[in-house]
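None of the values given here were measured: they were computed from a predicted structure. Here is the naming used below: chain letters follow the sequence lines, and residue numbers restart at 1 for every chain.
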Amino acid sequence: MANLPILQFEEKIVETVEKNSVVVIIGETGSGKSTQLSQILHRHGYTKSGVIAITQPRRVAAVSVARRVAQELDVPLGEDVGYAIRFEDRTTSKTRIKYLTDGVLLRESLSNPMLDDYSVIILDEAHERSLNTDILLGLVKRLVRIRASNFKVLITSATLDGEKVSEFFSGCPVLNVPGKLYPVEILYSKERPVSYIESSLKVAIDIHVREPEGDILIFMTGQDDIEKLVSRLEEKVRSLAEGSCMDAIIYPLHGSLPPEMQVRVFSPPPPNCRRFIVSTNIAETSLTVDGVVYVIDSGYVKQRQYNPSSGMFSLDVIQISKVQANQRAGRAGRTRPGKCYRLYPLAVYRDDFLDATIPEIQRTSLAGSVLYLKSLDLPDIDILKFDFLDAPSSESLEDALKQLYFIDAIDENGAITRIGRTMSDLPLEPSLSRTLIEANETGCLSQALTVVAMLSAETTLLPARSKPSEKKRKHDDDSNLPNGSGYGDHIQLLQIFESWDRTNYDPVWCKENGMQVRGMVFVKDVRRQLCQIMQKISKDRLEVRADGRKSSSRDDYRKLRKALCVGNANQIAERMLRHNGYRTLSFQSQLVQVHPSSVLSADNDGMMPNYVVYHELISTTRPFMRNVCAVDMAWVAPIKRKIEKLNVRKLSGGPAPSFKVPEEKTELSKNNAETPAVSENVESRIEAARERFLARKGQK
DNA sequence: GAGCACTGC
């Protein structure tokens with residue numbers, strides 16, 4: 001601790017903070033900014049008038065940094081120094097230094113918009129540009145203006161972004177604190193390789209044979225490439241002549257590995273053995289692997305993007321930014337001087353790479369964030385002109401308003417409704433919040449809580465797809481898991497949880513049925529949290545069966561599907577006349593299909609339900625709806641009328657010229673001769689189709 | 001008939 005570079009700047013930092021409300025700190029890796037800034041300000045009296053809050057984009061970071069600071073100050077964790085993350089608040093009224101995730105601070109600002117418990121707010125790792133940190137930047141800028149002079153803001157950022165943040169805060173001072181990294185030699189390829197798997201393989205084996213000891217970290221884009229490279233490396237290492245070089249262990253590292261596989265990289269290798277770690281960008285920031293001396297950087301990353309006009313997500317392999325490239329290189333210099341092999345030429349780095357990664361706020365659906373901002377009721381703030389460091393497109397903001405309007409969170413003038421206010425109390429995506437509120441009205445809240453919790457945990461629920469036996473979980477005939485009773489995935493998720501519930505939450509049941517124990521326990525936690533919030537909101541005394549051992553009935557399913565329809569009014573699709581493709585109704589109409597992993601299947605006549613709601617549109621090999629639920633046409637009708645009446649201009653508070661959603665004759669019609677021209681009379685046409693289908697079937 | 005990087009309330 002004594003040698004941390006930041007401590008040499010203590011005087012300078014304190015002096016600058018004293019004179020300015022906002023200060024940007026450029027602190028490179030190893031500078032100690034996350035643990036020391038709070039202590040420096042504490043030593044100089046900034047905890048006398050309030051608490052120092054330090055936000056982190058990740059839960060583990062908030063906990064581990066708080067723990068370190070408590071140790072350094074020699075106080076018990078949770079008293080003078082504490083942390084707050086979802087499900088876990090380890091602070092008391094005594095707490096002076098509080099580490100928390102950016103999401104928790106946003107939640108706090110709902111109940112205390114002035115955040116006046118805090119004398120100082122430090123937004124750490126702001127260069128990562130998480131959605132929540134970006135919103136906090138805007139809110140904090142406003143608070144600096146409103147709150148008296150006893151409020152200080154510090155923002156930590158990366159070299160390439162510092163000036164920009166400073167400009168955002170009217171040219172506030174920028175302090176540079178050097179890191180404690182060893183020099184890293186950067187080596188560029190002459191040209192982009194044809195196959196970066198083969199190229200990484202060659203470079204890695206070269207290092208292994210020629211270079212002194214030290215682990216090799218290789219950045220790839222995803223699980224598939226990682227597995228390919230791992231097996232190629234294993235092959236190659238085996239074929240090297242015995243005794244010609246040291247031993248090697250090869251580890252894959254990515255998010256869908258079970259935690260016990262991930263932590264293997266933290267145990268030191270046996271002597272005279274080199275480790276190869278083939279990783280996604282999880283090793284860029286989230287996990288730090290000690291002992292790495294060589295980094296191989298493919299120059300690519302897989303990134304999730306959102307298209308606001310189609311409502312569709314996609315995962316694309318794209319070029320990394322300069323900030324990311326430098327972050328990756330830095331991973332080689334933590335223990336001693338290292339080398340970074342970039343599989344691209346210098347000119348590509350210099351001319352093609354963006355300076356910084358496109359912030360999340362410009363790549364995701366903003367429905368939740370816009371609702372959050374609306375619920376703050378800031379009189380001086382117009383959402384569409386909210387002061388963002390990097391503003392999202394107006395198209396993206398209008399998309400958010402449109403979605404919120406479809407699910408009744410805002411009215412036709414864009415004002416937040418009573419329902420919208422209630423929704424913002426729930427830590428969920430808007431469509432899930434809306435589902436819960438509707439379910440509370442119609443008497444299926446218990447079931448809705450389960451489904452919503454299951455959906456929020458979905459990524460941690462399913463096992464990694466490497467086990468072939470579990471690949472077809474949903475369609476295996478010998479699987480004991482319920483099948484959704486013909487209504488689709490939401491009902492199946494409900495049934496799965498109820499099955500587990502009946503075993504009294506037996507972990508063995510999870511293993512036998514291919515569900516991750518950790519994921520299911522998370523579902524239980526989320527469900528409990530949501531249940532507590534709904535207890536406060538509920539109009540009647542809530543009877544939520546938390547541990548009822550009884551299965552839901554068909555009638556329950558029906559109520560639940562109806563609530564899901566209201567909650568997903570922004571995510572409805574109508575089946576095509578003669579085949580089982582669907583067209584989306586709430587966005588620019590597009591042809592989509594039910595994802596093959598869905599349990600929703602065709603009826604005896606070979607036809608899928610006429611209407612479905614979906615949880616997510618994702619474009620992979622083709623556009624798919626993931627997690628679908630069959631709904632009745634009668635429930636869809638009023639929503640369709642609302643969609644037709646939509647006036648986006650009015651929603652965004654502008655004048656109200658007529659604005660018609662392109663409803664028909666879209667791309668879809670061009671590509672597909674079977675597309676119905678108008679969607680009136682759908683019923684009769686579907687009936688006709690069914691007859692034709694049956695006739696064909698009869699002929700065979 | 002497909003398979004998804006990483007976070008968070």
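A:Arg129 places its CZ atom 17 Å from the C1' atom of B:dG8, with the value rounded to the nearest Å. Atom P of nucleotide B:dG8 and atom CG of A:Leu426 are separated by 20 Å, given to the nearest angstrom. Between the CD atom of A:Gln327 and the C1' atom of B:dC6 there is a distance of 14 Å, given to the nearest Å. For A:Glu128 and B:dG8, the CD to C1' distance is 12 Å, given to the nearest whole Å. Atom CD in A:Gln303 sits about 13 Å away from atom C1' in B:dT7, given to the nearest Å. At whole-Å resolution of the value, CD in A:Glu616 and P in B:dA2 are 17 Å apart. Nucleotide B:dG8 holds its P atom 20 Å from the CG atom of A:Leu366, rounded to whole Å. Between the CG atom of A:Asp225 and the C1' atom of B:dA5 there is a distance of 12 Å, given to the nearest Å.
Distances were taken from every side-chain heavy atom of A:Phe624 (C-beta onward) to each of B:dC4, B:dA2, B:dC9; the shortest belongs to B:dA2. Considering only side-chain atoms of A:Pro596, the nucleotide from B:dA5, B:dA2, B:dT7 that sits closest is B:dA2.
The side chain of A:Thr101 contributes an N or O atom lying less than 4.0 Å from OP1 or OP2 of B:dC9. Residue A:Gln529 places no side-chain N or O under 4.0 Å from the OP1 or OP2 atom of B:dC9. Distances shorter than 4.0 Å separate none of the side-chain N or O atoms of A:Arg622 from OP1 or OP2 on B:dG1.
Considering OG of A:Ser601 and CG of A:Asn483, their distance stands at 8.0 Å, rounded to 0.5 Å. With rounding to the nearest 0.5 Å, the separation of CD in A:Gln223 from CG in A:Leu257 is 7.0 Å.
A donor-acceptor contact under 3.5 angstrom links the side chains of A:Thr450 and A:Arg527, judged on distance only. There is a side-chain donor-acceptor pair under 3.5 Å between A:Tyr118 and A:Glu108. A:Asp102 and A:Ser130 are linked by a side-chain donor-acceptor pair at a separation below 3.5 angstrom, with hydrogens and angles left out of the test.
Aromatic ring orientation, A:Tyr349 versus A:Tyr344: parallel (interplanar angle below 30°, classes split at 30° and 60°).
Only A:Thr280, A:Asn281, A:Ile282, A:Ser286, listed by number, bring a heavy atom of residues 279-288 of chain A to less than 4.0 angstrom from any atom of DNA chain B.
For A:Arg434 and A:Glu429, the salt-bridge test fails: no basic side-chain N is under 4.0 Å from an acidic carboxylate O.
Residue order along DNA chain B, read from the 5' end via each residue's closest nucleotide, puts A:Arg363 first among A:Gln56 and A:Arg363. Where A:Val60 and A:Thr621 meet DNA chain B, the nucleotide closest to each residue was compared, and A:Thr621 sits on the side nearer the 5' end.
Residue contacts shown for A:Val104 are limited to sugar-phosphate atoms, with no base heavy atom under 4.0 Å away. Heavy atoms of A:Leu131 sit nowhere under 4.0 angstrom from any nucleic acid atom. In this structure, A:Arg58 reaches the sugar-phosphate backbone alone: every heavy-atom distance under 4.0 Å involves primed, P, OP1 or OP2 atoms, never a base.
Aromatic pair A:Tyr300/A:Tyr196: ring centres closer than 6.0 Å.
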